[in-house]
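All remarks here apply to the structure that follows.
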Number of protein chains: 4
Amino acid sequence: MKKAEPRPAQKRTRDPDSKRAALQTAAIRLFTDIGYENVSIAAIAKEAGIAVGTVYRFYENKLALLQSMLEALEYEYVEQMKADWATPGGVDVRLDRVCEGLFDLTAQRNTLLNLMSMTTDVVFDDGALPGDHIQAQIVSMYQDGVRSGAFRAGDVDLYGAMAHGLVEGAVMRWLRTGKPSQREAALQLSSVMKYGFLSRQINETGP
Amino acid sequence: MKKAEPRPAQKRTRDPDSKRAALQTAAIRLFTDIGYENVSIAAIAKEAGIAVGTVYRFYENKLALLQSMLEALEYEYVEQMKADWATPGGVDVRLDRVCEGLFDLTAQRNTLLNLMSMTTDVVFDDGALPGDHIQAQIVSMYQDGVRSGAFRAGDVDLYGAMAHGLVEGAVMRWLRTGKPSQREAALQLSSVMKYGFLSRQINETGP
Amino acid sequence: MKKAEPRPAQKRTRDPDSKRAALQTAAIRLFTDIGYENVSIAAIAKEAGIAVGTVYRFYENKLALLQSMLEALEYEYVEQMKADWATPGGVDVRLDRVCEGLFDLTAQRNTLLNLMSMTTDVVFDDGALPGDHIQAQIVSMYQDGVRSGAFRAGDVDLYGAMAHGLVEGAVMRWLRTGKPSQREAALQLSSVMKYGFLSRQINETGP
Amino acid sequence: MKKAEPRPAQKRTRDPDSKRAALQTAAIRLFTDIGYENVSIAAIAKEAGIAVGTVYRFYENKLALLQSMLEALEYEYVEQMKADWATPGGVDVRLDRVCEGLFDLTAQRNTLLNLMSMTTDVVFDDGALPGDHIQAQIVSMYQDGVRSGAFRAGDVDLYGAMAHGLVEGAVMRWLRTGKPSQREAALQLSSVMKYGFLSRQINETGP
DNA sequence: GATGAATGAGCGTTCATTCAT
DNA sequence: TATGAATGAACGCTCATTCAT
């Protein structure tokens, strides 16, 4: 029987940021593809090309890894929405842009927006649940619209939740089927949102 | 032989239907509360007051248990929607009724509608995924509305997905906060759905 | 939900002996086909057309069932050997008959003789292990042969064990392949046994 | 989340080869003593002084562990037989050596040769069943003997099976009782094999 | 006597986490 | 700092056995 081989020297140290990035990419891909519970730390580490133990240099545990992914993802969405909403133009034009931005980001990330609703355990450090910040941004946009008279007033939380669901439904659908085209899907989403929250009364506009 | 140890006596037999019901109640509650992956068969059995092995008299395995719960739940929603949509009256009145029915059922079942979107693994025996039948019913209602001229034509799959998301968002929100009142929440949902899918063009009604 | 149905009347009582026989047939077939550990009491009961609980009327537990099967099987083999060995004729003729009898019985029972060596747990009520009685019978025949001068004297236990192994090897082989014909296989076994244990010295007969 | 409880620290790392060896020793001992089905992975791990999970570092599953044990064991026997058969001298001398080698190895390994016939489920990677390679080696030796005129021609498969059974019977017997002495038992086995398969006819040598 | 639903200890296996190297 | 072998609690599931009916 052979004696224990001398330990191989550790791999040449790479840039920690590149490791973190590889880790994020691997994690987001695996979580998205097969779901949090079906992904093992070993699988993530392998996919990222690092050792299992190294994962724990970056994240305290598996849940923290998911939390971080979701937080980053949500941050991106929110920033995108803010940027698009801050462009010049009327409410309807800016809403179109926001919707297009959502689809763009989803296409880039190839990520289910609703990964956010797939776990019951994540709470962000500020106490928010996944999706809450997106919803808050929707609410904020809605309130802008109400202030300008474009949208009718309503229960902001409920309206936010509905709008959030609308977005999620549209994006997931498109992600699964790719139909209609990205731009068309974005415009249909935008259109339904506009109709859904505009000022006129149902009895004024009914058939 | 290790496995041949004497086994303890069985408990006094209860009505088998009460066991199945207790099992369903326990399962749906635990799945809803802490999520499928965090629920152990042992926990379900304990909550239901039966033995672990007994669970397997009723369901082949854990996933089949979830599948059955989801299938029953979705069936109830679809039947409710069909019944409400078949009542007399105009599209808008019937849509109100459908929305109220959705909230009623959710209130009775105290169940997250979106338990349906919480697992990637369930496929019903007819090949449908959880939520598909609800979405199909929404599509069917939408097509009725298009035929009667009440709704404008659009991509039925996408519209169905958006409407589904809208409903899910509204119901989940209400379930978490209880606000606004059940009836009010239902009417706001209905209102947004009607606005969102009505015939008029955005440029006719815009601000 | 339905209330518990009234218990169906028990099946018309069958002759207990027919149940016992069905149980034996089912057990021996399943044990032989897929091995003791892979057979469940439920499977035996189903195959025998009786209820699980009824198995325990006849046998105290699963191991006792196996023990009983092995004991009956071994008894049959021993009785067959005794009968064949008691026929008129010289040692070599009677040995032929014994071997043919072994193959006949195996063919009838379609049973692996070596089921006997497949468990470590069975001990017969007289303290014997499975196979011991067959080996004892072989030893007895061998001693007859030694007394008559046909076989040379040797360690009876060791010779018995070797002869037993020889038989088992031959029978298992034939059971698996069916070749050569049953009669031919029996005669070859007999021939090897005769050669193996006859009086002459190796140096007298060597090449 | 239930599964994310803190884990206790690892024990001080030992030489991995010593773990594998301890695992092999523990497994072979327990399998031999109480039979494959009665041995739990936990028991093997405990006996080997390692954790349950560590077993799975070395073997994919329990059956693979058994398979590996059997394959290694059989390989040793076959190599021993080949080596002894390749020594100089006549058939009878070399057969003596082979038999002595079999007993030597068994004494060293303290292992039931017939562990090989104790499970129905193992199939080696080359498609062979346990025992097949030993039998093939016996057949090969037998054919050598036939070619040289020392053994009479016969059905090689059947003769191989019988010889295999003979060996198994002799070795098992000796292992259980230790009588007669190792050397004596080997010579008696060899003697019976020689008699059993030598060229002379029964009617030439009968009493 | 016969039934089969109920029981729960025990199994094989997984994998998040730790820490000696 | 990086590694990955080691850990063991926890899981889903099985099935010999019991006993109310």
Side-chain angles (χ1 to χ4, degrees), chain A residues 4 6-14 16 19 37 39-43 45-46 50-57 60-63 65, chain B residues 1-14 16 19 37 39-43 45 50-58 60-63 65, chain C residues 4 6-14 16 19 37 39-43 45-46 50-57 60-63 65, chain D residues 1-14 16 19 37 39-43 45 50-58 60-63 65:
Chain A
R7 291 239 140 209
Q10 62 193 67
K11 280 202 192 125
R12 195 151 302 282
T13 299
R14 286 159 41 189
K19 286 193 183 176
E37 301 283 353
V39 177
S40 70
I41 294 289
K46 190 174 181 185
I50 63 179
V52 168
T54 307
V55 174
Y56 289 83
R57 290 247 153 245
E60 200 179 329
N61 54 40
K62 192 185 171 190
L63 193 58
L65 177 52
Chain B
M1 219 170 266
K2 295 243 184 65
K3 290 184 182 173
E5 297 295 319
R7 302 265 158 256
Q10 68 181 147
K11 291 238 186 73
R12 201 157 293 276
T13 299
R14 289 160 36 193
K19 287 197 179 172
E37 302 281 356
V39 177
S40 71
I41 294 289
I50 62 179
V52 168
T54 306
V55 174
Y56 291 86
R57 255 191 197 288
F58 295 102
E60 205 177 321
N61 53 41
K62 194 187 171 188
L63 194 60
L65 176 53
Chain C
R7 289 237 141 211
Q10 62 192 65
K11 282 203 189 122
R12 196 151 302 281
T13 300
R14 285 161 40 189
K19 285 192 184 176
E37 300 283 353
V39 177
S40 70
I41 294 290
K46 190 175 181 184
I50 63 178
V52 169
T54 307
V55 174
Y56 289 83
R57 290 250 152 239
E60 203 179 328
N61 53 41
K62 192 185 171 189
L63 193 58
L65 177 53
Chain D
M1 219 170 270
K2 295 243 184 68
K3 290 184 182 172
E5 297 296 318
R7 302 266 157 258
Q10 68 180 147
K11 289 238 186 73
R12 198 157 296 276
T13 298
R14 287 161 37 193
K19 287 197 181 175
E37 301 281 357
V39 177
S40 71
I41 294 289
I50 62 179
V52 168
T54 307
V55 174
Y56 291 86
R57 256 195 194 286
F58 295 102
E60 202 176 323
N61 54 40
K62 193 186 172 189
L63 194 58
L65 176 52

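So you know, we letter chains A, B, ... as the sequences are listed, proteins then strands, and number each from 1. As the structure is a computational prediction, the values presented were derived from the model and not from experiment.
Across every non-hydrogen atom of D:K62 and D:V39, the tightest pair is NZ-O, 2.7 Å. Taking both residues in full, the closest heavy atoms of A:A42 and A:V52 are given as CA-CG2, 4.0 Å, listed atom of the first, atom of the second, then distance. In this structure, D:Y56 and D:N61 approach most closely via the heavy-atom pair CE2-CA, 3.9 Å.
Rounded to whole Å, the distance from CZ on D:F58 to C1' on E:dT13 is 17 Å. Computed from coordinates, the D:I41 CD1 to E:dT13 P distance equals 6 Å when rounded to whole Å. Distance A:E37 CD to F:dG12 P: 11 Å, rounded to the nearest Å. Atom NZ of A:K46 and atom P of F:dA5 are 12 Å apart (whole Å). Atom OH in A:Y56 sits about 6 Å away from atom P in E:dA16, given to the nearest Å.
Residue whose closest nucleotide on DNA chain E sits further toward the 5' end, between B:R57 and D:K62: B:R57. For the pair C:G53 and B:V52, both in contact range of DNA chain F, the more 5′-proximal nearest nucleotide belongs to B:V52. Where A:A42 and B:A51 each meet DNA chain E at their nearest nucleotide, the meeting point lying more 5' is that of B:A51.
OP1 or OP2 of F:dA2 has at least one side-chain nitrogen or oxygen of A:K19 nearer than 4.0 Å. Between D:T54 and F:dA5, a side-chain N or O to OP1/OP2 separation shorter than 4.0 Å is absent.
Within 4.0 Å of D:V55, counting heavy atoms only, lies no atom of the nucleic acid at all. Within 4.0 Å (heavy atoms only), A:S40 reaches sugar-phosphate atoms of the nucleic acid but no base atom.
With sequence neighbours excluded, the residues that form a side chain to side chain contact (heavy atoms under 4.5 Å, CB included) with C:A51 are C:T54.
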Dot-bracket notation for DNA chain F, counting Watson-Crick and G-U pairs under 3.5 Å, with | for partners on another strand
.||||||||||||||||||||
